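Keep in mind the model is a prediction, meaning the values are calculated, not measured. For ligands, and for the atoms within them, numbers begin at 1 and follow the listed sequence.
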Amino acid sequence: MADQVPPSPSIAPPQPAHVKNSNLAHLNPLPPSVFTLPQTAQLEALYTIIRNKETSRGDFLFYSDRIIRLLVEEGLNHLPVIPRTVETPTGSVYNGVGFEGKICGVSILRAGEAMEAGLREVCRSVRIGKILIQRDEETTLPKLFYSKFPADIASRYVLLLDPMLATGGSAMKAVEVLMEHGVPEERIIFINLIASPEGLTTFCGRFPSLKVITGWIDEGLNDKAYIIPGLGDFGERRYCS
Ligand code: URA
């Protein structure tokens, strides 16, 4: 008698477009200034790849770049627009909108630098500043080591780039420095791949007028301040093989 062929495990049932937002329960209620990407199965599949410790550096780059692109697009959705009327090639008038103000990116080094390319892909010739914050060994507090911003940053909307929001210490220091350079809190949009509930609560509590765009809210932090389940050290995975 011929062997019975077992049903193929590769034929998966159709995926629902949206997965259960159980990760959002890690911070309930969400602060009103926090916006997550739509928690679809597609997005969760991208996160599953970049979280996997077996994922190659090439795949980590490719799939984290896909998420970064979605985050930047979502960040741009929060910029104000003003009415703009154009004439189309058909001779018709179209009453649309245009962006109101100028933007720039500011990456928190070093991991935030990985998000610059995603911003440039979407906003051609965007100005990008940089900021380096590290732990002061004496005080253990986040300390500014280096910053370079466009001269007119005070008149721009700032997309502040950092992939991992753990304790929130670096992000808060970066916002302080931006505000010292004249950027109003409400003109800052923080763009982030993975946030811890603790970091989000502290950050948004301190700066309630800035907006946070995050892709995923994880469970918490371990005793080394790594995000759990997280993806490990973003910079290591991105820059080292
Ligand atoms: N930075 C990282 O790269 N990973 C974490 O989990 C936390 C901070």
Side-chain angles (χ1 to χ4, degrees), residues 22-24 26-27 31 34 36-37 39 43-44 46-72 75 105-119 130-137 139-147 159-177 190-207 210 212-241:
S22 55
N23 62 312
L24 297 181
H26 297 135
L27 188 55
V34 174
T36 63
L37 291 178
Q39 305 288 287
L43 184 69
E44 188 167 26
L46 300 180
Y47 274 96
T48 305
I49 293 170
I50 64 170
R51 289 180 193 280
N52 185 351
K53 67 177 186 178
E54 306 295 344
T55 294
S56 68
R57 179 167 172 262
D59 279 353
F60 187 85
L61 285 170
F62 181 83
Y63 290 102
S64 56
D65 279 348
R66 278 193 59 189
I67 301 172
I68 290 165
R69 178 92 186 232
L70 296 172
L71 288 165
V72 171
V106 170
S107 60
I108 302 181
L109 300 175
R110 86 179 158 164
E113 224 167 11
M115 301 172 79
E116 293 179 6
L119 178 58
K130 293 177 191 293
I131 187 162
L132 176 63
I133 289 155
Q134 281 177 343
R135 212 168 91 116
D136 185 315
E137 291 307 330
T139 65
T140 72
L141 295 172
K143 181 176 166 188
L144 174 68
F145 277 79
Y146 168 83
S147 67
L159 300 183
L160 182 60
L161 311 172
D162 194 0
M164 307 296 283
L165 184 78
T167 62
S170 302
M172 287 192 288
K173 184 71 190 169
V175 171
E176 266 175 33
V177 175
F190 182 72
I191 311 260
N192 162 259
L193 254 91
I194 300 182
S196 77
E198 299 91 322
L200 270 183
T201 304
T202 315
F203 187 45
C204 300
R206 170 98 182 272
F207 300 111
L210 60 71
V212 174
I213 314 298
T214 187
W216 213 266
I217 301 170
D218 269 10
E219 284 167 34
L221 297 173
N222 68 11
D223 56 2
K224 295 196 172 89
Y226 273 83
I227 299 174
I228 296 299
L231 49 72
D233 184 319
F234 185 92
E236 287 288 311
R237 299 208 50 196
R238 183 94 196 179
Y239 298 116
C240 314
S241 47

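The closest approach between a heavy atom of Gly232 and any atom of ligand 1 is below 4.0 Å.
Nearest protein heavy-atom contact of atom 8 (C) of ligand 1 is Met164 CB, 3.8 Å. Among protein heavy atoms, atom 6 (O) of ligand 1 sits closest to Ile227 N, 2.8 Å. Looking from atom 3 (O) of ligand 1 to the surrounding protein, the closest heavy atom is Phe234 N, 2.7 Å.
Between Tyr47 and Trp216, the ring planes lie tilted relative to each other; the angle falls in the 30° to 60° range.
You'll find the ring centres of Phe203 and Phe190 inside the 6.0 Å limit.
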Requested in this report: Evaluate the side chain to side chain contact (heavy atoms under 4.5 Å, CB included) criterion for residues Ile49 and Phe62: first the C-alpha distance (whole Å), next the side-chain angles of each, then the deciding distance (0.1 Å), finally the verdict.
Outcome: CA-CA 10 Å; Ile49 293 170; Phe62 181 83; over 6 Å; no
Report task. Give the C-alpha distance, both sets of side-chain angles, the deciding distance and a yes or no for salt bridge (Lys or Arg N to Asp or Glu O under 4.0 Å) between Arg238 and Glu113. Result -> CA-CA 10 Å; Arg238 183 94 196 179; Glu113 224 167 11; over 6 Å; no
